[in-house]
Protein chains: 2
Amino acid sequence: MSVATVSRVWNEAAFVSPETRQRVAAVATRLGYSPHGAARSLITRTTHALGVLLPDLYGEFFSEIIRGIDHTAQAAGYHILVSSSHDSKDEIDAALRSMRGRVDGMIIMSPDLEAQRTLHALQGSFPVVLLNGGAEANAFDSITIENHEGARAMVRHLLARGHKRIAMIGGPQRNYDAAERLRGYRTALMESGIAPDESLVVQGDFSELSGHRAVKPLLALERRPTAIFAANDSMAIGALSALHESGMRVPEDVAVAGFDDIPLARYMNPQLSTVHVDIAKLGERAAALLPSSLLQGARPRQQLQLSTTLVIRSSCGGLVS
Amino acid sequence: MSVATVSRVWNEAAFVSPETRQRVAAVATRLGYSPHGAARSLITRTTHALGVLLPDLYGEFFSEIIRGIDHTAQAAGYHILVSSSHDSKDEIDAALRSMRGRVDGMIIMSPDLEAQRTLHALQGSFPVVLLNGGAEANAFDSITIENHEGARAMVRHLLARGHKRIAMIGGPQRNYDAAERLRGYRTALMESGIAPDESLVVQGDFSELSGHRAVKPLLALERRPTAIFAANDSMAIGALSALHESGMRVPEDVAVAGFDDIPLARYMNPQLSTVHVDIAKLGERAAALLPSSLLQGARPRQQLQLSTTLVIRSSCGGLVS
DNA sequence: TCGATTACTGAAATCGTTTACAGCGCACTC
DNA sequence: GAGTGCGCTGTAAACGATTTCAGTAATCGA
């Protein structure tokens with residue numbers, strides 16, 4: 001029998017007599033045959049794969065993102081092709097090129113503000129969803145976290161608890177999310193009429209280690225902060241461990257809060273107060289945008305914002321009474 | 001100019017005059033051209049992608065595995081195609097089929113002992129590396145963790161600290177790693193002449209929640225355990241938080257130990273004692289095996305064992321004095 | 001000046017599918 | 001009994017690259 005018939009059997013399409021169907025299926029299992037993905041992609045012009053470009057893979061944040069993406073992608077019959085550690089323009093370029101013809105669309109998380117300019121060239125050539133994009137976000141489908149609002153809310157909560165000197169451990173320079181969270185912190189302070197004190201802002205890089213390191217200079221200050229707000233949970237966790245090592249009690253001596261609400265935040269001791277972000281959903285939404293844009297073709301660009309909620313646990317002293 | 005020339009330019013091969021090379025490059029950038037992955041794969045019979053099949057994506061363990069795989073894969077010029085939540089035989093079958101012609105080889109982690117039989121059929125048809133495989137491991141290249149030795153060492157340490165009633169929170173049923181760790185626990189007890197007490201063994205499923213839940217029945221026992229050994233860190237963390245909630249002090253009232261040494265173990269309070277596994281290296285090694293087997297063709301199968309080391313922190317009371 | 005060599009470029013086959021189109025037998029209708 | 005339609009199957013042209021082979025122009029040696 002001919003290849004055409006086999007193809008028809010495999011796609012369960014058109015008119016194939018039950019008996020040929022049988023025969024083909026039998027032979028296929030006997031030979032362990034399964035169709036060749038690349039060949040199919042070539043002619044059908046669809047790969048059933050989604051490209052995912054991430055700056056890094058370390059930590060629960062990215063793990064959750066991938067899990068979210070994979071979850072909806074898999075449900076829609078897509079696989080995901082992962083590529084990480086792309087900060088610079090050239091790396092992103094290379095990754096994008098190497099993915100052409102291998103994926104139907106891409107989810108790109110490139111919080112580095114510099115690197116975003118690269119993306120500009122992409123416009124329209126390819127279905128793209130931007131995760132946490134900055135300036136370029138509105139040139140594509142995009143999803144961003146309510147960074148500013150979330151940070152503002154958390155700092156307001158700390159203020160409401162009576163804290164006057166609130167330190168911030170910021171994220172990497174040139175990182176969009178980090179910048180927005182810092183802005184939220186400043187907004188809240190300004191709104192309550194507190195003069196900004198730049199010695200209270202220490203720069204980190206979103207890693208636990210950097211959170212750990214940030215504590216020492218803060219404790220060395222003449223007028224110590226009574227609360228520390230970290231731009232993400234990993235750094236908050238690092239800070240917690242550093243505070244513990246220096247014999248400070250949390251929240252009695254220093255209150256601590258983070259951002260993201262990674263799964264482990266609630267298992268810390270004391271449990272970590274944080275700004276909850278449904279990280280997995282961030283990934284899910286992103287993955288959901290792609291197939292829809294593939295099917296519907298040109299449609300208005302969607303800009304989604306993922307809302308945040310305050311999760312007050314014991315590390316900042318609990319709810320305001 | 002012809003497609004052949006363009007191809008030659010792109011692959012930097014053969015004799016192309018510098019000026020044509022120039023012209024082609026210029027036009028390529030002007031048109032934003034980049035070669036079509038599927039088409040290349042079809043003729044070159046190589047995809048520069050590695051398939052990764054995981055049972056789940058939740059938690060730092062898998063995150064680290066992926067990170068390790070991606071790290072060496074990327075260095076070798078490979079991307080990774082991820083597919084998760086494959087427990088049953090049929091799911092694994094489907095995933096394998098859908099990856100044919102899309103990847104050059106696969107890394108499969110299928111700790112479920114049942115599902116392993118599916119893999120048997122794969123033999124030789126495809127470069128495969130098994131992660132934490134059980135019975136089928138020696139039919140493929142494989143890497144396993146020294147589960148038995150690691151668990152045994154940790155339990156011996158607890159015994160050396162004077163603990164007589166050591167509880168174990170086990171992993172999922174039918175899971176290879178979990179079974180081996182439980183076996184190591186039993187070996188250590190037997191070696192020190194302690195009669196096994198099955199009421200001290202609670203089953204979990206590797207999740208934090210299950211670790212949390214496992215604590216209650218243990219505390220309800222007439223003769224409470226003085227130490228709890230969890231089959232992985234996530235469950236140990238869950239247990240820590242449950243113990244804290246019930247007002248138990250760690251390590252004074254109950255010592256706690258885990259397995260895996262996920263990055264956050266040392267940031268817990270108290271810091272979690274655990275059996276260190278270089279999880280990322282597990283992934284790296286796996287990824288390193290594949291390209292080598294692709295290049296060298298038939299070579300003797302390799303069975304690697306990843307060694308473990310004891311990391312004693314404060315959650316079990318520190319080093320034996 | 002002519003053949004041989006060299007350096008480059010183009011034509012065409014190939015990879016393994018999908019799919020439009022054509023062909024073929026058979027039943028049905030008038 | 002011829003024409004029509006239907007149900008099924010095979011032929012062949014794509015898809016977009018790589019690669020072999022052949023062809024052409026320039027250079028060189030004799």
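Here is the naming used below: chain letters follow the sequence lines, and residue numbers restart at 1 for every chain. Heavy atoms only: backbone and side chains are in, while hydrogens, waters and symmetry mates are out.
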Discussion item. Looking at B:Asn232, is its backbone amide N or carbonyl O close enough to the side chain of B:Arg181 to form a donor-acceptor pair, meaning the two atoms are under 3.5 Å apart?
Written reply: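 Looks like no, no N/O pair under 3.5 Å.
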Discussion item. I'd like to know if the side chain of B:Arg100 and the backbone of A:Ser34 have a donor-acceptor N/O pair within less than 3.5 Å.
Written reply: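 Yes; at least one donor-acceptor contact below 3.5 Å.
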Worksheet item: Counting side-chain heavy atoms from CB outward, which of C:dG16, D:dG16, C:dT18 is closest to B:His36?
Response: D:dG16
Worksheet item: Between D:dT18, C:dG16, D:dC15, which one does the side chain of B:Leu42 approach most closely?
Response: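 The answer is C:dG16, which lies nearest to the side chain.
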Find the distance [X]:[atom1] to [N]:[atom2] and express it as a whole number of Å.
X        : N      : atom1 : atom2 : answer
A:Ile43  : C:dT14 : CD1   : C1'   : 15 Å
A:Trp10  : C:dT18 : CH2   : P     : 8 Å
A:Arg100 : D:dG16 : CZ    : P     : 8 Å
B:His48  : D:dA17 : NE2   : P     : 16 Å

Is the distance from OP1 or OP2 of [N] to the nearest side-chain N or O of [X] less than 4.0 Å?
X        : N      : value
A:Arg102 : D:dA17 : no
A:Ser7   : C:dT17 : no
A:Arg45  : D:dA14 : no
A:Arg40  : C:dG16 : no

Worksheet item: Between B:Glu284 and B:Lys281, does at least one N-O distance fall below 4.0 Å, as a salt bridge requires?
Response: no
Item to complete: Assess whether atom NE2 of B:His71 is packed by more than 12 heavy atoms of other residues, nucleotides or ligands within 6.0 Å.
Response: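 Not more than 12 within 6.0 Å, no.
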Report all interatomic pairs (protein N or O, nucleotide N or O of nucleotides 4-9 of chain C) with separations under 3.5 Å.
from, atom 1, to, atom 2, distance (Å)
C:dT9, OP1, B:Ser17, OG, 3.1
C:dT9, OP1, B:Thr20, OG1, 2.6
C:dT9, OP2, B:Ser17, N, 3.2
C:dT9, OP2, B:Thr20, OG1, 3.2

Fill in: Contacts of type side chain to side chain contact (heavy atoms under 4.5 Å, CB included), residue B:Leu304, not counting sequence neighbours
B:Ile143, B:Arg285, B:Leu289, B:Gln302
Discussion item. Can you give me the closest heavy-atom contact between B:Ser85 and A:Gln74, atom names plus distance?
Written reply: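 Heavy atoms of B:Ser85 and A:Gln74 come nearest at OG-OE1, 2.9 Å.
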